[in-house]
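All values below come from the heavy atoms of this structure, side chains included, with hydrogens, waters and symmetry mates left out. Numbers for residues simply follow the sequence, beginning at 1. On a predicted model such as this, the values are computed, not experimentally measured, just so you know.
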Amino acid sequence: MVDLPGIVRSRGKDEGETIVEDIKALIDDYLKNNRCVILAVVPANVDFHNSQIMADAQKVDPETKRTIPVITKPDLIDTGAEGDVEELLLGRKTVKFQMGFHMVKGRGQAQLDNKVTIEEEIQNEEAFFSNTQPWRSVANRKLFGTQLLRKKLGELQLDLIRETLPAIMKEIKEKHELASAELKEIGDIPETDAQKRLFFQEISEEIKSSILSKLQGNKQRIAKRRKTEGETFASKLHTACGNFRDTLAKSSFANLSSISVDSKVLVRLATGEDISGKVVGINSDGEMFIDYEDRQTTDCDDLSADWTRWEEGKVEKKPEGTKWQYKNRYFIAEADGYDELEGISADRVRRDPSWLLTHINNNRTDDLPVFVNPAVFQSVLVEFIDTEWLGPCHALVEEAQIMIFQATWEALSETTKLSYFPKMKSFLFRQLEDRIQGLQHTAEEHIEEFVEKERNPYTQNHYLHENLAKQRFDPLFQALETALGLEDKNLEQEMSKSSIRSTLRAIRDQNQRKSVEEHMVDDMQNMLVAYAKVALKRFVDGIPMECWRMFRVFSTEEVKYVLMRVTDNDLNRYLVVHGNALRNKQELTLQVQELKAGMDVIESL
């Protein structure tokens, strides 16, 4: 029986600022409990329409199964208002309650001052309802008196117990099983050296199994995983390795021959000559639009479709050099008008290798300058590897190390028996942490060894020679296609032998006019493009394999090494039960006993 405070709407002088909200929250907490019987007290001398408790009770108990409205202070009703209160008592003025209304008369202040006992007041109450109008005329005598309210309340409470007993029994069983499982996980607290060693062997097996499962995956564990647990550490490393691969694949070293907007390029003209420029745009058909050198002073029908004066066109005048796109067309503003660029096939465009000239000129040797300088090739290769690929390699190893840290801490934290020995948990994590750091240091050394080998280019992979042949032959093939008009699908006329011979000579003459440096940078870029493809394959496999080695070595060797080196002195020093653990075990033991006793009582009913 809980006597809740009355509902208040304002606070007194010395009362807290939140007293109104606090009392409302306290009352609501009880009212919402489906196992709580509500005795809604309504003073007879107050209009029930103003009763907040009646409104609150109907909200939480709309079927009125567990609410008994109780009318009090019938001796304080104003003369002439008895009829309205009688209508309320008989359920004629409000919704019908299953148990109906009830009326009682308690002790007033005068009776309390005169020390009238409860037994005496019950007799006075019975006499009041038997002798006072209109109450003595009400046929249903079960609506009056404290004694009958007790009986009515007992009947309602028994009905609620019968209705909720299965759910209560289920709840008690679940709590008993949960508490028993926690108590079993704690087990016996080891005291002797032999007990501590046996206990440590048990948690060691659990730790090893957990770390192995987290880092290498386990089919049975994965099958039991809940969707809310997130991805495994093995899955995270797979993702990290994929991101590493993508980072290297998007680097400039891996895309020396790739062309995008703003790339500096060489374009093979129909005459067989090359002209340098910069890519302004690429349309949805893959055609490229090139802003070529000396465009303002030199006409190039291959690259420029049309030129229009500002006053003749419908385009608002723009600052000189402005580039813009309209649908699949590209334009460049000049002083007097604007130039529309001609879209050309991507086959006629290749990356301009002139960026290599600085490297070649700065690293000349006394060798005849007609061969590709191996020293220059290696210096360019090393610069690309060190500036673009080395950082992601170390970052991937560090990411793998962090994952191993996280997996280790999770495994220790999920070992329930170890949670009662925080000193042992901290000790083991420190030992394992040292091994993880040592493993990372070894991996970093392996990475440096791997990269050092790659700084000295070498391969027997035929893929290099195939790519190199392709890089060397494709420009010549594209030049022939362009010069002979083979790329024009609408061109059906046959060329004479003299025309073909003339075209071939023009291409030969164009190549002969190229300087030694131009030939060297072409060949150097071809070699870099071909070798980058080979090196990329080795990096995207070799570095992740080192990270997977970290996962496997730690989960199979390092964890075992640490656990086997724990001495009896370590066990005596760190396998100490925390005071809270002992209290928790005692509380769980008492809880299991009480819940078992409760189930026994319910089963006996």
Take a 6.0 Å sphere around CD of Glu17 and say whether it holds more than 12 heavy atoms from other residues, nucleotides or ligands.
no
From Met169 CE over to His176 NE2, what is the distance, rounded to the nearest 0.5 angstrom?
10.0 Å
Side-chain (Asn572) to main-chain (Asp568) donor-acceptor, under 3.5 angstrom:
yes
Verify, without hydrogens or angle tests, whether Glu388 (side chain) and Phe253 (backbone) share a donor-acceptor contact under 3.5 angstrom.
yes
Given 3.5 Å as the limit, does a donor-acceptor pair link the side chain of Ser209 with the main chain of Glu206, or not?
no
May I ask you to check whether Ser555 and Gln216 show a side-chain donor-acceptor distance below 3.5 Å?
yes
I want to check something: taking the side chain as every heavy atom from C-beta on, are Leu588 and Leu590 in contact at a cut-off of under 4.5 Å?
no
Inspect the contact between Arg430 and Glu433 and indicate whether a charged nitrogen and a carboxylate oxygen are less than 4.0 angstrom apart.
no
Partner of Arg245 by side-chain contact (heavy atoms from CB on, under 4.5 Å), out of Val540, Ile543, Leu536
Val540
One thing to verify: whether Arg92 and Glu87 come together as a salt bridge, which I'm taking to mean a side-chain N less than 4.0 angstrom from a carboxylate O.
yes
May I ask you to decide if Leu418's main-chain N or O and Thr415's side chain share a donor-acceptor pair within less than 3.5 Å?
no
Pairwise distance CG(Asp246) to OG(Ser251) - rounded to 0.5 angstrom
11.5 Å
Less than 4.5 Å apart, side chain to side chain, heavy atoms only: is that true for Tyr574 and Phe200?
no
Which heavy-atom pair separates Thr67 from Ala40 by the least distance, and what is that distance?
CG2-CB, 4.5 Å
The test is side chain to side chain contact (heavy atoms under 4.5 Å, CB included); show your working for Cys547 and Val397 and say whether it passes.
CA-CA 6 Å; Cys547 295; Val397 171; 4.1 Å; yes
Close side-chain approach of Leu143 and Leu90, heavy atoms under 4.5 Å
yes
When you measure from the centre of the six-membered ring of Phe233, is the NZ or CZ of Lys236 closer than 6.0 Å and no more than 45° off the axis?
yes
Residue pair Leu428 / Leu563, side-chain heavy-atom distance below 4.5 Å:
yes
Going by distance alone, is a donor N or O of one side chain under 3.5 Å from an acceptor N or O of the other, for Gln401 and His441?
no
Going by atom types alone, do Gln133 and Ser137 pair a side-chain donor with an acceptor below 3.5 Å?
yes
Can you tell me if Asp3 has over 12 outside heavy atoms packed within less than 6.0 Å of its CG?
no
Can you tell me which residue among Asp159, Leu153, Ile68 is in a side-chain contact (heavy atoms from CB on, under 4.5 Å) with Met99?
Ile68
The reported gap from CZ in Arg107 to NZ in Lys115 (rounded to nearest 0.5 angstrom) is 10.5 Å
Side-chain contact, heavy-atom cut-off 4.5 Å: Trp548 with His238?
yes
With a 3.5 Å distance limit and no angle check, can you tell me whether Asn114 reaches the backbone of Val116 through a side-chain donor-acceptor pair?
no
N-O pairing of Glu202 and Lys196 below 4.0 Å:
no
With ring pair (Phe, Tyr, Trp, His ring centres under 6.0 Å) as the criterion, how do Phe450 and Phe539 come out once you've worked through the C-alpha distance, each side chain's angles and the decisive distance to 0.1 Å?
CA-CA 9 Å; Phe450 177 89; Phe539 268 83; 5.1 Å; yes
Which is it for Phe144 and Leu149 under the side chain to side chain contact (heavy atoms under 4.5 Å, CB included) test, yes or no, and what are the steps along the way?
CA-CA 7 Å; Phe144 301 101; Leu149 177 59; over 6 Å; no
If you count every heavy atom of other residues, nucleotides or ligands that lies below 6.0 Å from Met599 atom CE, does the total exceed 12?
yes
State, with a plain yes or no, whether a side-chain heavy atom of Phe199 is found less than 4.5 Å away from one of Lys417.
yes
Could you walk me through whether Lys152 and His102 pass the side chain to side chain donor-acceptor pair (under 3.5 Å) test, one step at a time?
CA-CA 9 Å; Lys152 186 182 293 185; His102 200 89; 3.1 Å; yes
Closest approach of Val60 to Leu31 (non-hydrogen atoms, all atoms of both residues)
CG2-O, 3.5 Å
Working to the nearest 0.5 angstrom, can you tell me the gap between Glu449 CD and Lys453 NZ?
7.0 Å
Angle class for the Phe429/Trp409 ring planes (parallel below 30°, perpendicular above 60°, tilted otherwise)?
perpendicular
Where the side chain of Glu398 meets the backbone of Leu396, is there a donor-acceptor pair that is under 3.5 Å apart?
no
Less than 4.0 Å between a side-chain N and a carboxylate O, is that true for Glu21 and Lys24?
no
With a 4.5 Å limit on heavy-atom distance, are the side chains of Leu198 and Pro190 in contact?
no
Look at atom NZ of Lys423 and say whether more than 12 heavy atoms of other residues, nucleotides or ligands are closer to it than 6.0 Å.
no
CA sep, side-chain torsions, deciding dist, call: Glu121, Thr117, side chain to side chain contact (heavy atoms under 4.5 Å, CB included)
CA-CA 6 Å; Glu121 180 55 31; Thr117 65; over 6 Å; no
Above 12 or not: heavy atoms from other molecules or residues under 6.0 Å from NZ of Lys560?
no
What distance do Tyr420 atom OH and Leu575 atom CG have between them, rounded to the nearest 0.5 Å?
14.5 Å
Under 4.0 Å between a Lys/Arg side-chain N and an Asp/Glu carboxylate O for Asp600 and Lys596?
yes
Which heavy atom of Lys73 sits nearest a heavy atom of Pro43, and at what distance?
CD-CB, 4.5 Å
Are any of the side-chain nitrogens in Lys214 or Glu414 under 4.0 Å away from the carboxylate oxygens of its partner?
yes
Here the pair of heavy atoms bringing Asp61 nearest to Arg66 is OD2-N, 3.0 Å
What closest approach, in Å, do Pro74 and Val104 show between heavy atoms, and which atom pair accounts for it?
CD-O, 3.2 Å
Lys/Arg N to Asp/Glu carboxylate O, Arg573 vs Asp570, below 4.0 Å:
no
Looking only at side chains, do Glu125 and Thr146 share a donor and an acceptor under 3.5 Å apart?
yes
Could Lys105 and Trp135 be counted as a cation-pi pair, given that NZ or CZ must be under 6.0 Å from the ring centre and within 45° of the axis?
no
Chi angles and distances behind the side chain to side chain contact (heavy atoms under 4.5 Å, CB included) call for Leu390, Val451:
CA-CA 8 Å; Leu390 185 59; Val451 172; 3.8 Å; yes
Can you find a side-chain donor-acceptor pair between Glu120 and Asn124 that sits under 3.5 Å?
no
For Leu158, is the CG atom crowded, meaning more than 12 foreign heavy atoms sit under 6.0 Å from it?
yes
Tell me the closest heavy-atom pair linking Gly6 and Ile23, and the distance in Å.
O-CG2, 3.7 Å
Is any NZ, NE, NH1 or NH2 atom of the basic residue among Glu171 and Lys175 found under 4.0 Å from an Asp or Glu carboxylate oxygen of the other?
yes
How many angstroms lie between atom CG of Asp193 and atom CG of Asn569, to the nearest 0.5 angstrom?
9.0 Å
Are Leu571 and Val566 side-chain neighbours, meaning at least one heavy-atom pair lies under 4.5 Å?
yes
